[in-house]
Asks: 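Encoded as structure tokens, here's the structure I'll be asking about.
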Amino acid sequence: ASCTAGAGVCKCAQVRPSGNHVYIGDGRSDFCVSHEALLVFAKAKLADYCRANCLPFIPYSGFAEIQASVATILSSPSRQPVVQAVAKTA
């Protein structure tokens, strides 16, 4: 199968389309897989692609910005895990 982005390694084939992941990218090989992520951090060509295709993304210039953004997101009360009771089976 050929890569729709024309990349040597198709990242879409490597990432399961669950939507439950964060993706960080900057180039053409990240285009198709950016549609599969829950959250996209993008710069350079990927940021341009996201803008042109109305894909939400967070711009970044370095990994320190990504770390800070992810820490903020994870500390948000709406992102805290919900504990549910599990029925025991005999």
Asks: Residues two or more places apart in sequence or in another chain: which of them pass salt bridge (Lys or Arg N to Asp or Glu O under 4.0 Å) with Asp26?
Replies: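 Testing Asp26 for salt bridge (Lys or Arg N to Asp or Glu O under 4.0 Å), a comparison that skips the adjacent residues, returns none.
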Asks: Apply the test side-chain contact (heavy atoms from CB on, under 4.5 Å) to residues Val22 and Ile66: give CA-CA distance (whole Å), side-chain angles for both, the deciding distance (0.1 Å), then the verdict.
Replies: CA-CA 10 Å; Val22 173; Ile66 295 168; 5.9 Å; no
Asks: Return each pair, listed once, that meets salt bridge (Lys or Arg N to Asp or Glu O under 4.0 Å) where at least one residue sits in residues 66-76; pairs must be two or more places apart or across chains.
Replies: none
Asks: With a sphere of 6.0 Å drawn around NZ of Lys43, does it hold more than 12 non-hydrogen atoms of other residues, nucleotides or ligands?
Replies: yes
Asks: Test: salt bridge (Lys or Arg N to Asp or Glu O under 4.0 Å). Region: residues 66-76. Which pairs qualify, not counting sequence neighbours?
Replies: none
Asks: Do Leu46 and Phe31 come within less than 4.5 Å of each other through their side chains, counting heavy atoms only?
Replies: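 Yes, their side chains come closer than 4.5 Å.
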Asks: Is there a side-chain contact (heavy atoms from CB on, under 4.5 Å) between Lys11 and Cys32 once you walk through the steps?
Replies: CA-CA 8 Å; Lys11 294 178 182 177; Cys32 65; 5.5 Å; no
Asks: Test: side-chain hydrogen bond (donor to acceptor under 3.5 Å, both in side chains). Region: residues 48-58. Which pairs qualify, not counting sequence neighbours?
Replies: His35-Tyr49, Asp48-Arg51
Asks: To the nearest 0.5 angstrom, please state how far the OG atom of Ser34 sits from the CD1 atom of Ile24.
Replies: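 The CD1 atom of Ile24 is 13.5 Å from OG of Ser34, to the nearest 0.5 Å.
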Asks: Do Leu55 and Val40 touch side chain to side chain, with heavy atoms closer than 4.5 Å?
Replies: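 The answer is no, as the side chains (C-beta and beyond) never meet within the 4.5 Å cut-off.
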Asks: Mind listing the closest non-hydrogen atom pair of His21 and Glu36 along with its distance?
Replies: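 His21 and Glu36 have their closest heavy atoms at CE1-O, 3.3 Å.
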Asks: Any side-chain hydrogen bond (donor to acceptor under 3.5 Å, both in side chains) involving residues 55-66? Give me the pairs, sequence neighbours left out, ordered by first then second residue.
Replies: Ser61-Glu65
Asks: side-chain contact (heavy atoms from CB on, under 4.5 Å) between Phe57 and Leu39: does it pass, once the steps are laid out?
Replies: CA-CA 7 Å; Phe57 72 97; Leu39 177 63; over 6 Å; no
Asks: Is there a side-chain contact between Ser69 and Phe41 in this structure, where contact means two heavy atoms from C-beta onward sitting under 4.5 Å apart?
Replies: yes
